[in-house]
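These figures come from a predicted structure and were not determined experimentally.
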Amino acid sequence: MAERRILQFCHCHYGPFADVARQYAVLFKDSPYKVTTVYLTDPPSDEVTALSASDEVIYLDYDGADVRGLKLDAMRRVREIIAGRDFALILAHRFKPIHISCWGTQLPVIGVHHAFGDYERLTHKLFARWFGKRLGLLGVSDAIRDDIRRGVPSWPADRIETLHNRIDVDAVRAEVLPRDAARELLGLPHDAFVVGNVGRLYPDKDQATLLRGFARALPELPGDALLAILGKGRLEASLRKLAGELGIAERVRFLGQVPNARRAFSAFDLFALSSDHEPFGMVLLEAMAARVPVLATDCGGAPEVVGDAGTLFPLGDAAALARGLVAGARMPAAEREAIVERGIERLYAHFSDEAAQRRFFALPMVRAVLGEPEWMR
């Protein structure tokens with residue numbers, strides 16, 4: 001009898017998406033299913049193969065320009081992968097793999113959406129209606145789920161659900177460096193009060209508000225306070241200029257791209273995320289795993305992540321952000337410890353691989369295809 005398989009179809013493996021593949025592959029750990037992960041674009045990589053945590057990894061190795069339009073060749077190659085194997089389900093990440101999976105195969109498809117706006121286009125709305133009988137949709141946050149539901153309001157609610165992003169909590173905690181080692185790695189003073197931010201230097205991350213908030217807070221922060229920004233992007237020059245205009249250039253460290261940056265989050269006394277409608281906020285999970293209090297905008301997926309384990313402020317509100325920074329700096333040690341402990345508890349309860357596996361196999365759209373997971377009892 002042929003092995004039952006799950007086909008995981010990913011658009012790419014750059015940035016966080018190899019770990020996304022891992023997150024969904026480990027849902028089937030200790031299950032009767034083998035996982036084949038296929039990457040539509042990006043070249044083969046031994047590192048990515050290992051990170052994908054799958055029984056088989058296949059790289060179609062298309063250039064982005066190759067998969068515009070009808071994507072007929074990609075459909076053909078996916079059909080070749082499926083031929084002669086017993087696939088029960090396709091898990092497709094982002095719209096192009098969802099499109100290819102639905103048009104190119106007859107298998108049930110669960111499409112995972114990682115960004116807002118995927119069903120604003122009329123063509124995407126019509127696509128969802130056409131394949132509604134064998135297509136289920138997941139958002140990586142309730143905010144994404146609700147955005148999809150607004151796009152296809154005729155769908156039943158249980159065909160559009162949430163499965164949060166998550167981390168291997170124990171593994172991430174284990175790789176976090178001691179505070180002094182993390183500061184040495186980032187070139188930060190050992191005794192300074194450091195606010196950390198990690199993300200691309202792009203408009204959606206809104207580091208401009210973070211700079212303005214830090215400038216407002218600075219007179220009430222410890223005298224050695226620094227803002228450390230990790231990441232690269234097209235706004236770096238304008239953000240450096242803004243820091244100069246605000247008179248805080250000497251207090252802001254633009255540290256660029258740091259490989260495996262999450263192991264150095266312990267260098268921060270406070271983590272601040274100022275993003276404009278962050279779809280989820282994976283860096284918040286990583287900061288919580290490093291036992292760092294978090295401060296984030298109250299929009300997108302961030303409120304779902306933070307819960308009672310951090311502080312929220314209104315999007316774009318530099319004054320409120322400044323108040324949060326000052327409160328974080330003045331936080332008594334016992335209160336700080338209570339917050340970081342709530343963060344760790346929240347990670348295990350809601351954002352661990354184990355929590356996601358329980359949630360996934362309880363979803364009606366999953367049970368309709370795979371049945372009740374008797375192996376989990």
Side-chain angles (χ1 to χ4, degrees), residues 2-18 20-21 24-25 28 33-45 48-49 52 54-140 144 147-148 151-152 154-155 159-160 279 365-366 368-370:
E3 294 177 321
R4 296 232 75 192
R5 285 186 169 267
I6 304 297
L7 177 62
Q8 176 173 219
F9 192 13
C10 304
H11 186 283
C12 60
H13 57 69
Y14 74 84
F17 286 104
V20 167
Y24 282 79
F28 298 91
Y33 299 95
K34 301 293 185 182
V35 177
T36 295
T37 293
V38 175
Y39 290 104
L40 179 64
T41 64
D42 294 342
S45 162
V48 170
T49 296
S52 301
S54 303
D55 299 285
E56 179 184 31
V57 179
I58 298 171
Y59 300 87
L60 299 185
D61 198 14
Y62 286 107
D63 182 86
D66 296 333
V67 288
R68 294 173 184 160
L70 293 177
K71 297 170 270 292
L72 294 177
D73 191 64
M75 294 178 196
R76 175 187 61 79
R77 292 179 68 183
V78 169
R79 285 194 293 269
E80 289 175 352
I81 291 168
I82 290 171
R85 306 189 197 187
D86 187 15
F87 282 102
L89 172 69
I90 299 178
L91 282 168
H93 297 275
R94 301 171 65 185
F95 193 80
K96 282 184 183 177
I98 297 170
H99 173 98
I100 293 167
S101 299
C102 287
W103 284 113
T105 82
Q106 296 299 316
L107 288 169
V109 177
I110 292 180
V112 186
H113 288 277
H114 300 262
F116 293 103
D118 282 342
Y119 291 92
E120 291 178 355
R121 297 183 191 176
L122 178 59
T123 53
H124 288 195
K125 294 174 188 284
L126 294 174
F127 169 87
R129 291 174 189 172
W130 183 263
F131 289 105
K133 290 185 178 179
R134 63 182 175 96
L135 174 63
L137 299 174
L138 293 176
V140 298
I144 296 292
D147 181 68
I148 300 170
V152 282
S154 61
W155 273 37
R159 300 292 291 171
I160 306 171
M365 71 177 76
V366 175
V369 177
L370 302 182

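- The aromatic rings of Tyr119 and His113 lie perpendicular to each other, with more than 60° between the two planes, well past the 30° mark.
- A 6.0 Å sphere centred on NZ of Lys34 holds no more than 12 heavy atoms belonging to other residues, nucleotides or ligands.
- Atom NZ of Lys96 sits about 5.5 Å away from atom NZ of Lys71, to the nearest 0.5 Å.
- Using cut-offs of 30° and 60° on the angle between ring planes, the pair Trp103 and Trp130 is parallel.
- Interatomic distance, Leu91 CG to Thr36 OG1, rounded to the nearest 0.5 Å: 12.0 Å.
- The shortest heavy-atom contact between Gly139 and Ile144 is CA-CG2, 3.7 Å.
- Between Tyr24 and His93, the angle of the ring planes goes over 60°, which puts this pair in the perpendicular group of the 30/60° scheme.
- Nearest heavy-atom pair across Ala25 and Ser52 is CB-O, 3.4 Å.
- Of all the heavy atoms in Pro97 and Cys10, the pair that sits closest is CG-C, 3.9 Å.
- Note that the CD1 atom of Ile90 and the CZ atom of Arg5 stand 13.5 Å from one another [nearest 0.5 Å].
- In this structure the side chain of Leu89 never reaches within 4.5 angstrom of the side chain of Tyr33, judged on heavy atoms.
- Contact check for Val152 versus Arg159: no side-chain heavy atoms found under the 4.5 Å cut-off.
- Nearest approach of Pro108 to Val369, heavy atoms of both residues: CB-CG2, 3.8 Å.
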Run Val140 and Val112 through side chain to side chain contact (heavy atoms under 4.5 Å, CB included) and show every step you take. CA-CA 7 Å; Val140 298; Val112 186; 4.0 Å; yes
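- Asp42 contributes a side-chain N or O that, together with a main-chain N or O of Tyr14, makes up a donor-acceptor pair within less than 3.5 Å.
- From Gln8, atom CD reaches atom OH of Tyr39 across 6.5 Å, with rounding to the nearest 0.5 Å.
- Among residues two or more places apart in sequence or in another chain, the side-chain hydrogen bond (donor to acceptor under 3.5 Å, both in side chains) test is passed with Thr105 by none.
- Between the side chain of Asp147 and the backbone N or O of Phe116 there is no donor-acceptor pair closer than 3.5 Å.
- For the pair Tyr59/His13, a side-chain contact is recorded, criterion being any heavy-atom separation below 4.5 Å from C-beta on.
- You'll find the side chain of His11 reaches within 4.5 Å of the side chain of Thr41, heavy atoms only.
- Annotation for Leu135 and Trp155: closest pair O-CH2, 3.3 Å, computed over non-hydrogen atoms.
- The number of heavy atoms from other shown groups lying within 6.0 Å of CZ (Arg79) is above 12.
- Of the candidates Val35, Val109, Val78, Leu7 forms a side-chain contact (heavy atoms from CB on, under 4.5 Å) with just one, namely Val78.
- Not a single donor-acceptor pair under 3.5 Å links the side chain of Ser54 to the backbone N or O of Val57.
- A 4.5 Å side-chain heavy-atom check between Phe9 and Leu60 finds at least one atom pair inside the cut-off.
- Here the straight-line distance linking atom CZ of Arg4 with atom CG of Leu370 works out to 7.5 Å at 0.5 Å rounding.
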List the steps, then state whether side chain to side chain contact (heavy atoms under 4.5 Å, CB included) holds for Asp73 with Tyr62. CA-CA 10 Å; Asp73 191 64; Tyr62 286 107; 2.5 Å; yes
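- Looking at Asp55 and Phe28, their side chains never come closer than 4.5 Å, going by heavy atoms from C-beta outward.
- When side chains are defined from C-beta on, Ile98 counts as touching Phe127, because their heavy atoms get closer than 4.5 Å.
- Taking all atoms of both residues into account, the shortest heavy-atom contact from Asp61 to Pro43 is OD1-CA, 3.3 Å.
- A cation-pi arrangement, defined by a distance under 6.0 Å to the six-membered ring centre and an angle within 45 degrees of its axis, is present between Arg94 and Phe17.
- Between the CD1 atom in Ile58 and the CG atom in Leu40 there is a gap of 12.5 Å [rounded to 0.5 Å].
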